[in-house]
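Let me begin by presenting the structure, written as structure tokens, before commenting on it.
All values below were derived from every heavy atom in this structure, side-chain atoms included, with hydrogens, water molecules and symmetry-related copies excluded.
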Amino acid sequence: EQFLVNQIERNWTSIKTEKEQSLVQLIQTSFDKFQNESVETVRKVALDNNVISSISNHNITTRTFFELVESLSPPEQTIELFDSGKHLLCWNGNEGIQTDTLWLKSEPSSVVVQGPIYSFLVVVHPVVNNSVIIGYVVSKRLFDVNYPINNRFINAEVFSTTFTSCLDI
């Protein structure tokens, strides 16, 4: 037993460094997976032929937009569809903060937006038709929760899809 204690004390620096590197790798890998799920969703919606033709067709009803986005949205993400003027056309889901139109850019992008209690991963992808941006798809996904209140009043199922719940540490 004393031998083990001595070994740990002598090698503590390398043990600590190895553990830190392992945790960094786990967090990075988990974040990449979490982010890529949202990236793939917005990419799929932005490249969907029905989405492109619906945005291009100015006679489409709002209901059609809602039904289309609902059919393409995973349950753990809120998906929003904007036109080229950055006006909200429709959404599916109830996650998140109001979308800042400054996030709607000509290139796909992502950002983690931190609020006082909730943080969200926001992923944006332009909808392009004939090399012209005709709209934007936005995904908002609960990233983390910092609840300083007693958590016995909060339903834990709500947080089961957050990034930090995926880490298992």
Side-chain angles (χ1 to χ4, degrees), residues 26-149 151 153-167:
L26 172 66
I27 291 168
Q28 185 63 54
T29 302
S30 298
F31 178 76
D32 289 347
K33 181 178 181 238
F34 189 84
Q35 182 181 34
N36 286 338
E37 289 170 357
S38 294
V39 167
E40 282 306 308
T41 296
V42 295
R43 186 177 171 282
K44 181 180 91 176
V45 175
L47 297 176
D48 186 89
N49 289 329
N50 291 324
V51 170
I52 293 169
S53 64
S54 295
I55 294 174
S56 299
N57 181 351
H58 299 289
N59 295 325
I60 296 294
T61 65
T62 302
R63 180 183 177 131
T64 302
F65 280 121
F66 274 93
E67 289 171 349
L68 180 57
V69 168
E70 180 181 21
S71 71
L72 298 169
S73 298
E76 70 279 356
Q77 296 177 45
T78 292
I79 302 296
E80 298 174 338
L81 185 59
F82 289 81
D83 65 14
S84 61
K86 301 181 179 182
H87 301 104
L88 182 63
L89 297 172
C90 64
W91 69 91
N92 186 63
N94 60 3
E95 296 283 338
I97 52 173
Q98 184 173 350
T99 299
D100 187 336
T101 57
L102 294 175
W103 300 333
L104 307 180
K105 298 180 181 180
S106 60
E107 296 292 323
S109 61
S110 65
V111 63
V112 174
V113 180
Q114 189 167 350
I117 296 179
Y118 303 105
S119 297
F120 291 91
L121 173 64
V122 179
V123 178
V124 178
H125 198 293
V127 180
V128 178
N129 188 19
N130 297 323
S131 302
V132 176
I133 294 176
I134 61 170
Y136 303 89
V137 179
V138 177
S139 164
K140 290 187 258 186
R141 189 170 180 190
L142 188 59
F143 184 75
D144 195 16
V145 180
N146 177 21
Y147 46 96
I149 56 176
N151 65 0
F153 299 111
I154 299 176
N155 181 349
E157 282 183 38
V158 173
F159 310 127
S160 64
T161 60
T162 64
F163 169 68
T164 51
S165 70
C166 300
L167 289 177

*Heavy atoms only: give me the nearest Pro108-Pro126 pair and the separation to one decimal.*
N-CD, 3.8 Å
*List the atom of Tyr136, the atom of Asp83, and the distance in Å for their closest heavy-atom pair.*
CD1-O, 3.7 Å
*Hey, does the side chain of Lys140 reach the backbone of Gln77 with a donor-acceptor pair shorter than 3.5 angstrom?*
no
*Rounded to the nearest 0.5 Å, how far does CD1 of Ile55 lie from CG of Asn50?*
11.5 Å
*Taking the side chain as C-beta and beyond, is there a heavy-atom pair between Thr61 and Thr64 under 4.5 Å?*
yes
*Counting only N and O atoms by type, is there a donor-acceptor contact under 3.5 Å from the side chain of Thr78 to the main-chain atoms of Asn94?*
yes
*Just do the side chain to side chain contact (heavy atoms under 4.5 Å, CB included) check on Val124 and Ser110 with the steps written out, would you?*
CA-CA 6 Å; Val124 178; Ser110 65; over 6 Å; no
*Determine the minimum heavy-atom distance between Val51 and Leu81, stating which atoms define it.*
CG1-CD1, 4.1 Å
*Is Gln114 atom CD crowded by more than 12 heavy atoms from other residues, nucleotides or ligands, each under 6.0 Å away?*
no
*What's the verdict on side chain to side chain contact (heavy atoms under 4.5 Å, CB included) for Val122 and Val138, showing C-alpha distance, side-chain angles and the deciding distance?*
CA-CA 7 Å; Val122 179; Val138 177; 3.9 Å; yes
*Intermediate values then yes/no, side-chain hydrogen bond (donor to acceptor under 3.5 Å, both in side chains), Ser56 and Ser53*: CA-CA 5 Å; Ser56 299; Ser53 64; over 6 Å; no
_Result of checking Glu76, Gln35, Glu37 against Arg141 for side chain to side chain donor-acceptor pair (under 3.5 Å)_ = Glu37
*Do other residues, nucleotides or ligands put more than 12 heavy atoms under 6.0 Å from Lys86 NZ?*
yes
_Spatial distance of atom CD (Glu70) from atom CZ (Arg63) [nearest 0.5 Å]_ = 10.0 Å
_On a heavy-atom basis, which atom in Ile79 and which in Thr41 lie closest, and how many Å separate them?_
CD1-CG2, 3.6 Å
*Going by heavy atoms in the side chains, are Phe143 and Phe34 under 4.5 Å from each other?*
yes
*Do you know which two heavy atoms are closest between Val69 and Cys90, and how far apart they sit?*
CG2-SG, 3.3 Å
*Nearest-0.5 Å distance, CG of residue Leu104 to CD1 of residue Ile133*: 10.0 Å
_Quick check against the 3.5 Å criterion: does Ser71 have a side-chain atom that pairs as donor or acceptor with the backbone of Leu68?_
yes
*Going by the side-chain contact (heavy atoms from CB on, under 4.5 Å) test, name the single residue among Val112, Leu142, Val113 that passes it with Leu121.*
Val112
*Under the side chain to side chain contact (heavy atoms under 4.5 Å, CB included) rule, what do Asp48 and Leu72 come out as? Steps first, then yes or no, please.*
CA-CA 9 Å; Asp48 186 89; Leu72 298 169; 4.0 Å; yes
*Calculate, to the nearest 0.5 Å, the distance between atoms CD1 and CG belonging to Ile52 and Asn129 respectively.*
6.0 Å
*Any pair counted as ring-ring contact (aromatic ring centres under 6.0 Å, His included), so long as it reaches residues 79-101, sequence neighbours left out*: Phe66-Trp91
*Asn130 side chain to Val132 backbone, donor-acceptor under 3.5 Å*: no
*Less than 4.0 Å between a side-chain N and a carboxylate O, is that true for Lys44 and Glu40?*
no
_Taking every non-hydrogen atom, the tightest pair across Phe65 and Ser54_ = CZ-O, 3.5 Å
